[in-house]
Trainee: 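Just passing along the structure, written as structure tokens.
In this text the structure is predicted, and so the values were computed from the model without any measurement.
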Amino acid sequence: MPPASSCDCPHLDCVGEITKEELIQKSNGHCQDCKVRGPNLWACLENGCAYVGCGESHADHSTVHSQETRHNLTVNLTTLRVWCYACGKEVFLERKLGPHSPNAIDNSKAPGSPSSLKLPSNVGYEDLDMETEEEDNLRARGLTGLKNIGNTCYMNAALQALSNCPPLTQFFLECGGLVKTDKKPALCKSYQKLVSDLWHKNRPSYVVPTNLFQGIKAINPMFRGYSQQDSQEFLRCLMDQLHEELKESVPEPSDLSTSIAMDDSPEEDNHSQSDNDFQSCESCGSSERADNEVQGGTIVMDNTNEAEMLIPEQDEIQANREWQKEKNMINDLYRSGFNGVMGGNNGDIDKDVDTTTETMPIISSQGALKVQGRTSAVTTFSPLKNKRQRKYRSVISDVFDGTIVSSVQCLTCDRVSVTLENFQDISLPIPGKEDLAKLHSASHQTSLVKAGSCGEAYAAQGWIAFVMEYIRRFVWFWGPVVTLQDCLAAFFARDELKGDNMYSCEKCKKLRNGVKFCKMQNLPEILCIHLKRFRHELMYSTKIGTHVSFPLEGLDLQPFLAKDSSAQTTSYDLLSVICHHGTASSGHYIAYCRNSVNNLWYEFDDQSVTEVPELCVQNAEAYVLFYKKSSEDAVKERRRVSGLLSMMEPSLLQFYVSRQWLNKFKTFAEPGPISNDDFLCVHGGVPPNKSSYIDDLVVMLPQNVWDHLYSRYGGGPAVNHLYVCHTCQIEIEKLEKRLKSELDLFVRLNKAFQEEESPVVIYCISMQWFREWEGFVKGKDNDPPGPIDNSKIAVNKNGHFILKQGADSGQISEETWNFLHSIYGGGPLVMVRPSVSHQEAESSQSEEKIEVETRSV
């Protein structure tokens, strides 16, 4: 099987010489790691690599091998089908669509080195193909069912509804190289595999979503077991986790360096950092970084290479003396001249230092740790400021995030406070008859209608109301029809704040009556609407079975838009709808979805997929609806670009465009300005960590196409030459050196603390902060942890900070505390003294008082 080149996968050039007979012979072997035998073994196709590993049905060592070696292509030895990990899709070795482009530079140097960058070839033009293949017209893709694996109809309906959202699905199909994460359980990988199976041209009748279901259960215990769950809750859990795994920090215009200052001059730290940034969606809260365990209150590192980081000791006695001398020096320097990150004197404390040892850490009064030895190499640590709150984005936030502006007016002083709130879905109430009368009346704009609890259907209490509600549901047969516009109007109607829900006015400094208004500031590309059909009380649950009519096309959000909103497209078309049949305690979920290939509607009922007329969809009992922006201008732009590509004009310059933005152009109604920041650093080059898979991030375009896109959408920057950024490479090397030195010294200090039999004093540190620090120094998190924050583990008692009972804290030595505090600052200082005699206790208390009074914490 000779190496082949295909525009479907740029990694096929790495395939070595191998025959079908050799693959069949390998299929009789076993996994080289766990020794498990076939079927479904996977063989690496990298040139010169003979690895064979097990698949997902066992320990999935084939995937581990790909991640560790960056070998992208693997073949299933049972089916002989080839999978590319970088592209995230199946590839075909027999397809040869043309000669290898001369623009692809073969580089034998290590990936990530400043001179190593494999440039993508211009065969990526087909990524801009806006037309549907003829074979798709004959047999539409995406019509694959999902097997019910134990009351999982709620999950199947939600997955089918999401799968028929083109902006999200096309990202996982065409931008597979961007689906990278080191966070467990790697749900984005499972979802990518599922989408690939659902939309494969040789689609099976159904797919079993076992891996994704296992990942969801690992995240949220609510979905464990085999009981029926809420489809909308599953959607939120899935989308939050996908965002958490795929999120990337948004570079700020003022960022001219990496996230941590590493320059030798302390003046660099005086630059202010914005504290007003907010994350792009509610699911972007700080993720748990707990990778370590606490045993007996003592920090236990999970680093398996801890022994390798310890500095070798030739003479144990001499080393112990020097180590004790080193610890004393750290404490003496800390007590005499160090004032944390607040500053300190600038005196030279490096004089009179014994340099006979190989390495001598010195903590300076400026918070810099210098490793002084027989060479002149010096590593400096700049004092850190408060951990900045970064702004994050992902494909989930790009597709589903919108913004609501809430205004609250005080009826006493007329003060108006405005708040911006991000949302991924809107939960709408279903209005009752009384609310409809108010909404449809001529004066409903001035009447006070509570948006959060529409009418008696939501305010009912007790068994009498329970009976009356069921009677009222039969009255609906003779009552007015509720539309989706009515539900939106009820949600955005003004809300009277009085009684127990009074507004705390900042101007009046009192609780006042107020009025709350809500409008949409930014419209999402896909609007997810959840209808509040279920109401859960203490003793019972009910379901509102009211039919809500909804449009298949032309849902207009203009009436609910804020006056200063910049949104241009306000019309939405329905993509999919999740329906629930049954009662609040039991029922069944199905989904109706419009296929993006043939524009027909289908019913997805677990394994069954059936074409249905539009009337069937309109009569459905909607629970969750997905609407997509509709724009004729976007369709016309795609046709223009397709026409420019077909002209094939000779071009002197070729321009690189973000593959992710290109996916937006193909699927979004408003793709926004061209954003090439996802493959460029702040210096204009390719970040070293992205150089090995740059062809997954960019597409090369001819000049006439670039000129048209740039004149239409703006943005940029324009890129026609790719190179690995040398400045970023130097900064990364500085950071790696700094983190290794910091981790090495901590391991040495902690080892000495563990060997100490009866410590005089033990310092306590917040495990929450320690986990963030450990993730940072181990390279799992790019953001520094910020100042030490012991506020959650400390209690102020008579002017002394003592350890809170049951607090999540760890125990460290005085030297370790001084070392960490010299770099990060913070506090307060929390100490625990072992049991001592009465006289020693009084001496310790007096010493502690002196420390509290004199030391700045």
Trainee: Would you tell me whether D605 and S608 have side-chain atoms, one donor and one acceptor, within less than 3.5 Å of each other?
Mentor: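 There is no such pair between these side chains.
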Trainee: I526 vs Y627, test: side chain to side chain contact (heavy atoms under 4.5 Å, CB included). Steps then yes/no.
Mentor: CA-CA 5 Å; I526 291 184; Y627 279 91; over 6 Å; no
Trainee: Do the side-chain N and O atoms of T610 and Y602 include a donor-acceptor pair separated by under 3.5 angstrom?
Mentor: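 The answer is no; no qualifying pair exists.
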Trainee: Can you check whether Q160 reaches L146 side chain to side chain, under 4.5 Å on heavy atoms?
Mentor: yes
Trainee: Given ring-ring contact (aromatic ring centres under 6.0 Å, His included), test Y154 with H580 step by step and report yes or no.
Mentor: CA-CA 9 Å; Y154 67 93; H580 179 267; over 10 Å; no
Trainee: First locate atom NE2 of H200, then atom CG of L198, and finally report the distance between them rounded to the nearest 0.5 Å.
Mentor: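 Reported to 0.5 Å precision, the distance equals 12.0 Å.
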Trainee: Looking only at atom types and distance, does a side-chain atom of W769 sit under 3.5 Å from a main-chain N or O of G786, one as donor and one as acceptor?
Mentor: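 Here the side-chain-to-backbone pair exists.
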Trainee: Quick one: does T74's side chain have a donor or acceptor within less than 3.5 Å of a partner on W42's backbone?
Mentor: no
Trainee: Can you confirm whether Y572 sits close enough to L523 that some side-chain heavy atom of one is under 4.5 Å from a side-chain heavy atom of the other?
Mentor: yes
Trainee: Does the side chain of L178 come within less than 4.5 Å of Q660's, by heavy atoms?
Mentor: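 In short, these two side chains touch, coming nearer than 4.5 Å.
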Trainee: State, to 0.1 Å, how close C31 and L41 come at their nearest heavy-atom pair, and which atoms those are.
Mentor: N-CD2, 4.1 Å
Trainee: Can you list everything that forms a side chain to side chain donor-acceptor pair (under 3.5 Å) with D33? Sequence neighbours excluded, please.
Mentor: Y51
Trainee: Taking side chain to side chain contact (heavy atoms under 4.5 Å, CB included) as the test, write out the residues that go with E245, two or more places apart.
Mentor: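 Listed in chain order: T181, K183, P185, L187, C188, Q241.
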Trainee: Do S394 side-chain atoms and K247 backbone N/O form a donor-acceptor pair below 3.5 Å?
Mentor: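 A pair under 3.5 Å: no.
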Trainee: In chain order, what residues pass the salt bridge (charged side-chain N to carboxylate O under 4.0 Å, His left out) check against D425, with sequence neighbours excluded?
Mentor: R236
Trainee: Could you tell me if the ring centre of Y85 sits under 6.0 Å from that of H11?
Mentor: no
Trainee: Can you check whether R594 reaches F626 side chain to side chain, under 4.5 Å on heavy atoms?
Mentor: no
Trainee: Under 3.5 Å, is there a donor on one side chain and an acceptor on the other for T403 and N422?
Mentor: yes
Trainee: Report yes if some heavy atom in the side chain of V609 is under 4.5 Å from a heavy atom in the side chain of T144; otherwise report no.
Mentor: no
Trainee: State the CG-OG distance between L600 and S596, to the nearest 0.5 angstrom.
Mentor: 11.0 Å
Trainee: What about F776 and W773, are their ring centers closer than 6.0 Å?
Mentor: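 No: the rings miss the under 6.0 Å criterion.
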Trainee: Evaluate E174 against K666 for salt bridge (Lys or Arg N to Asp or Glu O under 4.0 Å), listing each step before the verdict.
Mentor: CA-CA 11 Å; E174 300 184 6; K666 295 169 60 176; 2.9 Å; yes
Trainee: Measure the spacing between OG1 of T169 and CD of Q192 and express it to the nearest 0.5 Å.
Mentor: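 Here the interatomic distance stands at 12.0 Å.
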Trainee: Answer yes if the side chains of Y623 and D230 hold a donor-acceptor pair under 3.5 Å, and no otherwise.
Mentor: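 Yes, because at least one side-chain N or O of Y623 sits under 3.5 Å from a partner of the opposite role on D230.
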Trainee: Do the side-chain N and O atoms of E603 and Y592 include a donor-acceptor pair separated by under 3.5 angstrom?
Mentor: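 Side chains of E603 and Y592: pair found under 3.5 Å.
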Trainee: Testing the basics here: between A43 and L77, what is the closest heavy-atom pair and its distance to 0.1 Å?
Mentor: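 Nearest pair, atom of A43 first, then L77: CB-CD2, 3.7 Å.
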Trainee: For T152, which residues count as a side chain to side chain donor-acceptor pair (under 3.5 Å) partner, sequence neighbours excluded?
Mentor: N148
Trainee: Minimum heavy-atom separation for S231 and A158, please, with both atom names.
Mentor: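 What the structure gives for the nearest pair is OG-CB, 3.5 Å.
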Trainee: Could you go through the side chain to side chain contact (heavy atoms under 4.5 Å, CB included) check for F423 and M520 one step at a time?
Mentor: CA-CA 10 Å; F423 69 90; M520 283 193 173; 4.1 Å; yes
Trainee: Please report the shortest heavy-atom distance between Y226 and I149, naming the atom on each side.
Mentor: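 Between these two residues, the closest heavy atoms are CE2-O, 3.8 Å.
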Trainee: Assess, by modelled atom type and distance only, whether the side chains of Q229 and S227 contain a donor and an acceptor separated by less than 3.5 Å.
Mentor: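 There is such a pair (donor and acceptor under 3.5 Å, judged by atom type) between the side chains of Q229 and S227.
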Trainee: I529 vs L531, test: side chain to side chain contact (heavy atoms under 4.5 Å, CB included). Steps then yes/no.
Mentor: CA-CA 7 Å; I529 297 177; L531 298 178; 4.3 Å; yes
Trainee: How long is the straight-line distance from CD of E233 back to CG of L238, given to the nearest 0.5 Å?
Mentor: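 Here the rounded value is 13.0 Å.
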Trainee: Any salt bridge linking K664 with D398? Criterion: basic side-chain nitrogen under 4.0 Å from a carboxylate oxygen.
Mentor: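 Salt bridge present between K664 and D398.
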Trainee: Can you list the residues that meet the side chain to side chain contact (heavy atoms under 4.5 Å, CB included) rule with K792, with sequence neighbours excluded?
Mentor: Q768
Trainee: Counting C-beta onward and ignoring hydrogens, is there a side-chain heavy-atom pair between I578 and L625 closer than 4.5 Å?
Mentor: no
Trainee: Under 4.0 Å between a side-chain nitrogen and a carboxylate oxygen: does that hold for D606 and K147?
Mentor: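 No, D606 and K147 are not salt-bridged.
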Trainee: Between the side chain of D401 and the main-chain N/O of I396, is any donor-acceptor distance below 3.5 Å?
Mentor: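 No: the side chain of D401 does not pair with the backbone of I396.
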Trainee: Please check if the side chain of R70 supplies one atom and the backbone of Y693 the other of a donor-acceptor pair under 3.5 Å.
Mentor: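 Answer holds: no.
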Trainee: Can you see which heavy atom on G587 is nearest to which on Q228, and at what distance?
Mentor: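 Heavy-atom minimum between the residues: O-NE2, 3.2 Å.
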Trainee: Strictly by modelled atom types, are D573 and S630 linked by a side-chain donor-acceptor pair under 3.5 Å?
Mentor: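 A pair is found: one side chain offers a donor N or O, the other an acceptor, under 3.5 Å apart.
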Trainee: Is a side-chain N or O of S62 found less than 3.5 angstrom from the main chain of G53, in a donor-acceptor match?
Mentor: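 Judged by distance alone, no pair lies under 3.5 Å.
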Trainee: For a quick check under 3.5 Å, do S766 and D789 share a side-chain donor-acceptor pair by atom type?
Mentor: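 No, no side-chain donor-acceptor contact under 3.5 Å.
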Trainee: Kindly indicate whether the side chain of L575, heavy atoms from C-beta on, has any atom under 4.5 Å from the side chain of N164.
Mentor: no
Trainee: Please answer whether the main-chain N or O of G582 pairs with a side-chain N or O of K543 as donor and acceptor at a distance below 3.5 Å.
Mentor: yes
Trainee: Show your working on salt bridge (Lys or Arg N to Asp or Glu O under 4.0 Å) between R393 and E248 and close with a plain yes or no.
Mentor: CA-CA 6 Å; R393 59 149 297 279; E248 295 180 343; 3.8 Å; yes
Trainee: Who are the side chain to side chain contact (heavy atoms under 4.5 Å, CB included) partners of S675, not counting sequence neighbours?
Mentor: W661
Trainee: Using side-chain heavy atoms (C-beta onward) and a distance below 4.5 Å, is D678 in contact with L697?
Mentor: no
Trainee: Could you check whether any side-chain N or O of K180 sits under 3.5 Å from a backbone N or O of A86, counting only pairs where one atom can act as donor and the other as acceptor?
Mentor: no
Trainee: Give a yes or no answer on whether the side chain of R224 reaches the backbone of K217 with a donor-acceptor pair at less than 3.5 Å.
Mentor: yes
Trainee: Side chains of S66 and H71: any donor to acceptor distance under 3.5 Å?
Mentor: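 The criterion, which ignores hydrogens and geometry beyond distance, is not satisfied for S66 and H71.
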Trainee: Judged by atom type as modelled, is there a donor-acceptor pair below 3.5 Å linking the side chain of K628 to the main-chain atoms of T667?
Mentor: yes
Trainee: Does NZ in K35 sit with more than 12 non-hydrogen atoms of other residues, nucleotides or ligands closer than 6.0 Å?
Mentor: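 Yes - once you tally the heavy atoms of other residues, nucleotides and ligands closer than 6.0 Å, there are more than 12.
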Trainee: Would you name the heavy atoms of K629 and A669 that are closest together and state the gap between them?
Mentor: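 Result for this residue pair: CB-CB, 3.6 Å.
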Trainee: Would R771 and D808 pass as an ion pair if we require N to O under 4.0 Å?
Mentor: yes
Trainee: Before you tell me yes or no, could you show the steps for C528 and V624 under side chain to side chain contact (heavy atoms under 4.5 Å, CB included), namely the whole-Å CA-CA distance, both residues' side-chain angles and the distance that decides it to 0.1 Å?
Mentor: CA-CA 7 Å; C528 180; V624 180; 3.8 Å; yes
